[in-house]
Every structure is written in structure tokens, then in C-alpha cells.
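Below, chain A is the first sequence line, B the second, and so on; all start at residue 1. All values derive from a computational prediction rather than experimental measurement.
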Amino acid sequence: MSFNTKAYIAGVYEHPTRRADDKTLAQLHAEVAIGALGDAGLAMADVDGYFCAGDAPGLGGLSMAEYLGLDVRLIDTTETGGSSYVIHVGHAAEAIAAGQCSVALITLAGRPKAEGMATGTAPRPQSGDAPDVGFEQVFGPTVVNMYAMAAMRHMHEYGTTSEQLAWIKVAASTHAQHNERAVLRNVVTVEEVVNSPIIADPLHRLDCCVISDGGGAVVMVSPEIAKSLGHRSVKLLGHGEAIKHLAGGQVDLTYTGARWSGPRAFEDAGLAPADIDYVSIYDSFTITVLETLEDLGFCEKGKGGAFVADGNLIAGVGKLPFNTDGGGLCNNHPANRGGMTKVIEAVRQLRGEAHPKVQVANCELALAHGTGGSIGTRMGSATVIMGRNDA
Amino acid sequence: MSESERSLTPPPVNLETEAFWQAAGRGELVLKRCTACAKTHYYPRAICPFCQSSETEWYAASGQGTIYSYSVMRRAAIPYVIAYVTLAEGITMMTNIVDCDADRLTIGQPVSVTFKPAENGQAIPMFRPA
């Protein structure tokens with residue numbers, strides 16, 4: 001296969017902490033930046049493009065650029081919630097290809113655990129200016145109950161069951177057992193998932209991702225710089241993004257923006273779902289994964305339940321190894337934004353640096369997908385496809 | 001479960017939406033329709049999201065609908081039912097289902113509008129089994 005590679009991911013770093021009582025938010029951003037630059041073999045002074053999102057303290061990226069000591073000619077603070085970093089990867093690739101920067105740094109960090117944030121069950125503060133707030137907040141939407149409504153409708157239309165959704169957590173936990181840093185390392189069974197307490201029908205506690213502190217960073221470079229850095233760099237082959245919202249009252253909760261971002265990414269890369277060896281799928285909840293797999297074309301719409309059942313997502317067992325770090329469901333969902341860790345594990349797989357028990361043999365092509373915002377209202381969806389250095 | 005015990009935070013009201021909330025205060029559910037393209041949209045805006053005309057008008061809805069989806073929020077101080085209801089007028093709106101047995105709801109079930117007061121007395125449109 002020959003690809004027209006716009007940019008490479010040269011460095012990645014996932015902060016080892018899952019509870020950061022002893023660090024400030026800015027400090028966490030800096031630590032992951034330094035970690036990713038070190039992984040790439042580059043320095044902060046090499047960075048000429050900076051990307052961050054709503055988790056970065058201050059006005060857009062201004063405060064973090066200052067704290068880090070950056071001198072950049074490109075700044076991008078595209079904010080789509082947890083998928084922002086997946087969008088940043090695509091935007092960085094285009095910027096690098098256009099010659100707008102040659103070393104792009106993307107950072108994410110947060111400390112919801114240390115701050116005692118009731119992430120899934122309390123309403124999030126919203127600006128009263130947003131035109132949707134007046135017609136939503138009073139009814140008590142929370143993160144969990146809005147994803148739950150999508151699950152209820154998917155079950156109604158397609159017969160998807162709680163047991164099928166539970167297989168997604170089972171797979172993530174099977175992988176997480178090998179990850180020393182994972183928040184949840186116990187392998188769970190379908191029974192344990194469906195017997196865990198219901199948070200909002202039909203989602204049980206174990207249908208939900210972990211709440212964790214920490215973060216991660218990615219460094220992307222031009223092909224020329226990648227060549228000088230050696231063969232741990234991975235190729236960015238394609239990307240696509242989309243927004244899905246409530247469409248003026250024409251609501252369909254059974255699919256996500258992956259329906260559009262996925263095909264855009266596949267077309268950009270000249271690839272199809274069958275070509276992919278490993279997927280990192282945004283896993284805020286089990287239903288997020290199920291709908292996304294359908295939307296990306298790994299199975300037909302409505303058949304996600306059967307697709308994920310019986311271990312099909314488990315490395316070494318099923319046909320589509322997923323979230324081999326344990327994902328947001330079991331390992332890490334730092335700052336309540338899981339997109340960065342999705343990209344990072346895909347890079348590890350392509351480098352052959354995942355845990356040996358979950359490393360996909362001959363992993364040449366990988367996909368990472370982010371879903372930010374809410375599949376119950378409005379979301380930002382982003383898909384990136386990456387290839388091994390010699391792909 | 002007694003829905004009326006859950007305290008409702010008053011929604012922000014602005015000049016684009018005040019007619020909706022005033023109508024609710026009169027026990028009426030109103031919607032916005034575009035006179036240029038004839039489509040009803042929700043949530044109500046000054047500008048039609050389908051054709052971008054500013055010639056939008058309010059009209060009284062029937063108050064009838066069916067449950068599109070719902071979830072019983074059990075992990076809350078007072079459990080409640082969040083829902084999307086598809087109105088007879090063709091739009092689907094976020095709401096709560098009230099005055100019901102939360103464990104006996106079904107998607108597709110007919111519901112009709114009712115109004116519950118927020119903390120400041122503002123009437124909020126919600127739906128009960130029809």
C-alpha cells in the first residue's frame with residue numbers, strides 16, 4: 001500500500017497518575033507535554049504549533065502556551081468535549097501538510113477526582129446564553145441519563161440487550177487486567193455488569209467509564225522531521241470530523257456523528273473498515289461504543305449487539321481488538337475527556353508497544369474515534385486512521 | 001414516585017423565548033413555525049434553522065405526543081424520569097414524564113402535556129400518560 005502521509009505522530013505520553021491531589025491543572029498539562037516531547041526526542045523549543053481544548057485553564061490556549069514557555073505560529077483550541085484531541089490530530093496533520101507548523105503539541109489534563117466532581121450524575125454548569133439551555137436544564141439532564149436515553153431507544157428499535165452492552169465492559173476489563181495503571185483491573189463478567197446498580201435506566205454503574213485525573217499529550221511532526229527521528233513515528237493516514245445535534249427537533253438517538261466522520265476518514269485514507277487491525281473507540285459508556293462501531297461500518301446499523309457479544313472485541317479472542325489499555329471503561333478517562341487516551345493506545349499498538357498480552361500481531365493499521373459532548377443532544381465526532389511507520 | 005417534590009431550577013428566559021414561557025404560564029404549549037418554509041422547529045428560535053428566515057411565528061400545540069425515549073434517573077436525591085416526547089406536530093422535545101409509575105412507562109406510549117412549577121413559579125411543560 002502507498003499512502004500520501006501528511007504528518008506523523010512522533011511522541012505520545014499518558015500521565016501515570018489517576019488521582020492528582022498533589023498537582024495543579026497547569027502542572028499536569030506541562031508534565032504530559034514534557035513526557036510526549038521526550039518520547040519524540042524533541043524539546044519544547046521545537047514546538048511551533050499548540051493545540052488544547054476546554055480543559056486547559058485560562059483563555060483558550062493563551063495561559064497554557066505561556067506556562068509552557070511556547071513560541072508558536074499556530075494555535076488551535078477547537079473544543080468538542082472529549083473528542084477535541086482526535087480533532088486536533090486531524091487539524092495538526094493538515095496544518096503540517098500546509099506548512100503552517102512542523103512540530104505540533106497537543107495536551108489534555110484534568111483532575112475531576114481530586115476536585116470531587118460528580119461527573120455523571122450532577123448537571124453540568126451551562127452558560128445561560130446557550131440557546132438550548134432554557135429548554136433542557138430544567139428537566140435534569142445529566143451525562144448518564146442522556147446516554148441512557150440513547151441506549152433505551154437503541155434497545156427499542158433493534159432489540160439490543162443489556163447483556164450485549166455488558167460484553168463491551170467485559171472486553172475492556174479483560175484488557176485492563178494487564179495495565180498496572182488502570183483504575184479498574186478486575187476482569188468482570190456479563191452477570192456482574194448487569195447486576196451492578198442502575199444509575200439511569202438502562203445503564204448500570206459498570207456500563208459507565210471511570211472518573212480519573214491525569215491526562216496525556218501527543219506530538220506530531222512533518223514527514224521530514226519524522227524521518228530524522230526514527231521508526232517509532234506512526235503515520236496519520238486520514239481523518240474526518242462531524243457534528244451531530246438535535247436537528248431542529250428531528251431527533252434520532254440511535255446513531256452518532258461517526259456516521260459522517262468515519263466515512264470521511266476512510267475516504268481520506270483510501271481504506272475501509274476491513275483493513276483495520278485495531279480500534280480505539282471512545283468509551284464513555286458501553287452504548288457509545290456500540291453505536292460507534294455500527295456508524296463506522298464495522299457492522300450494520302442495529303447489529304452492534306451481536307457484533308460485540310461473545311468477546312469479539314477481546315485481543316487474541318475476537319475479530320476486532322479494542323481499547324487494549326482498558327479504555328475509559330476501565331483504565332483512564334482523564335478530565336472526563338477520553339479522546340487523547342484513544343489516540344495514545346492506537347499509537348502504542350502500531351509501534352508494537354502495547355502490553356504483550358494484548359498486542360495485536362502485525363498491527364499495521366489502526367483507527368481512533370472520539371465522541372465529545374453527548375449522544376443524547378449534541379456531539380462532536382472525530383475519526384483518525386493511522387498506520388505503522390512502514391505501512 | 002412523586003415528581004412534584006423535585007425542585008425545578010427556573011430556566012433562563014430571554015427575548016427570543018419569553019413568549020414560550022408566558023404561554024406556559026397560561027397553561028399553553030406553543031411552538032414556533034416558519035412562515036417561509038412551513039416547518040416547525042424545536043427548540044424555538046427567532047431564525048428558522050431549516051431555511052434561515054426570520055419570519056417565524058408562534059402557534060398553539062395540541063399538547064399530545066408519544067414517548068420517543070426515556071430514562072429513570074435513579075441515582076438522584078429524588079428519582080425522576082427524563083424523556084424525549086415526539087409531539088403530534090412532528091418535533092421531539094426534551095421533558096420529564098410526571099404523575100406516573102416510572103416502572104410502567106414504554107416507548108411509544110401516548111402522553112399529554114401538563115405543567116409543573118419551577119422554584120420561582122414559572123410553569124414548565126412536562127408530560128403525563130394520556
- Query: Taking all atoms of both residues into account, what is the closest heavy-atom pair of B:P11 and A:G134, and its distance?
  - Reply: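 Looking at all heavy atoms of both residues, the shortest contact is CB-O, 3.4 Å.
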- Interchain contact, B:I107 with chain A, by part (heavy-atom threshold 4.5 Å):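 Contact with chain A involves both backbone and side-chain atoms of B:I107.
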- Message: Need one label for B:M73: side chain, backbone, both or neither, based on atoms under 4.5 Å from any heavy atom in chain A.
- Response: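 Backbone plus side chain of B:M73, per the 4.5 Å heavy-atom cut-off to chain A.
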- Portion of A:L246 that has a non-hydrogen atom of chain B nearer than 4.5 angstrom: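 A:L246 touches chain B through side-chain heavy atoms alone.
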- Message: Under 4.5 Å from any heavy atom of chain B, what part of A:A247 do you find: side chain, backbone, both or neither?
- Response: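 Answer is backbone: N, CA, C or O of A:A247 sit under 4.5 Å from chain B.
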- Query: Under 6.0 Å from the CD atom of A:E300, do we count more than 12 heavy atoms belonging to anything else shown?
  - Reply: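 Not more than 12 within 6.0 Å, no.
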- Query: Above 12 or not: heavy atoms from other molecules or residues under 6.0 Å from NZ of A:K303?
  - Reply: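 For A:K303, atom NZ is not crowded (no more than 12 foreign heavy atoms under 6.0 Å).
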For chain B, the option from [options] that forms the most heavy-atom pairs under 4.5 Å:
{"options": "A:V251, A:V133, A:L203", "answer": "A:V251"}
{"options": "A:V138, A:V144, A:I198", "answer": "A:V138"}
{"options": "A:P141, A:A148, A:G120", "answer": "A:P141"}

- Task: Find the one option among B:A76, B:G108, B:P44, B:A118 whose heavy-atom pairs under 4.5 Å with chain A are most numerous.
- Result: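 Winner by heavy-atom pair count: B:P44.
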Do chain A and chain B have donor-acceptor pairs under 3.5 Å, and which are they?
{"residue": "A:V138", "atom": "O", "partner": "B:R6", "partner atom": "NH2", "Å": "3.3"}
{"residue": "A:F139", "atom": "O", "partner": "B:R6", "partner atom": "NH2", "Å": "3.4"}
{"residue": "A:F139", "atom": "O", "partner": "B:N96", "partner atom": "ND2", "Å": "2.9"}
{"residue": "A:G140", "atom": "O", "partner": "B:Y80", "partner atom": "OH", "Å": "2.5"}
{"residue": "A:N145", "atom": "ND2", "partner": "B:Y80", "partner atom": "OH", "Å": "3.4"}
{"residue": "A:M149", "atom": "O", "partner": "B:S69", "partner atom": "OG", "Å": "2.7"}
{"residue": "A:R153", "atom": "NH1", "partner": "B:Y68", "partner atom": "O", "Å": "2.9"}
{"residue": "A:I199", "atom": "O", "partner": "B:R74", "partner atom": "N", "Å": "3.0"}
{"residue": "A:I199", "atom": "O", "partner": "B:R75", "partner atom": "N", "Å": "3.1"}
{"residue": "A:D201", "atom": "N", "partner": "B:S71", "partner atom": "OG", "Å": "3.2"}
{"residue": "A:D201", "atom": "N", "partner": "B:V72", "partner atom": "O", "Å": "3.2"}
{"residue": "A:D201", "atom": "O", "partner": "B:S71", "partner atom": "OG", "Å": "2.5"}
{"residue": "A:D201", "atom": "OD1", "partner": "B:R74", "partner atom": "NE", "Å": "2.7"}
{"residue": "A:D201", "atom": "OD1", "partner": "B:R74", "partner atom": "NH2", "Å": "3.4"}
{"residue": "A:D201", "atom": "OD2", "partner": "B:R74", "partner atom": "NH2", "Å": "2.9"}
{"residue": "A:G248", "atom": "O", "partner": "B:Y42", "partner atom": "N", "Å": "2.9"}
{"residue": "A:G249", "atom": "N", "partner": "B:Y42", "partner atom": "O", "Å": "3.1"}
{"residue": "A:G249", "atom": "O", "partner": "B:T92", "partner atom": "N", "Å": "2.8"}
{"residue": "A:Q250", "atom": "NE2", "partner": "B:G90", "partner atom": "O", "Å": "3.2"}
{"residue": "A:L253", "atom": "N", "partner": "B:Y68", "partner atom": "OH", "Å": "2.9"}
{"residue": "A:G376", "atom": "O", "partner": "B:Y84", "partner atom": "OH", "Å": "2.4"}

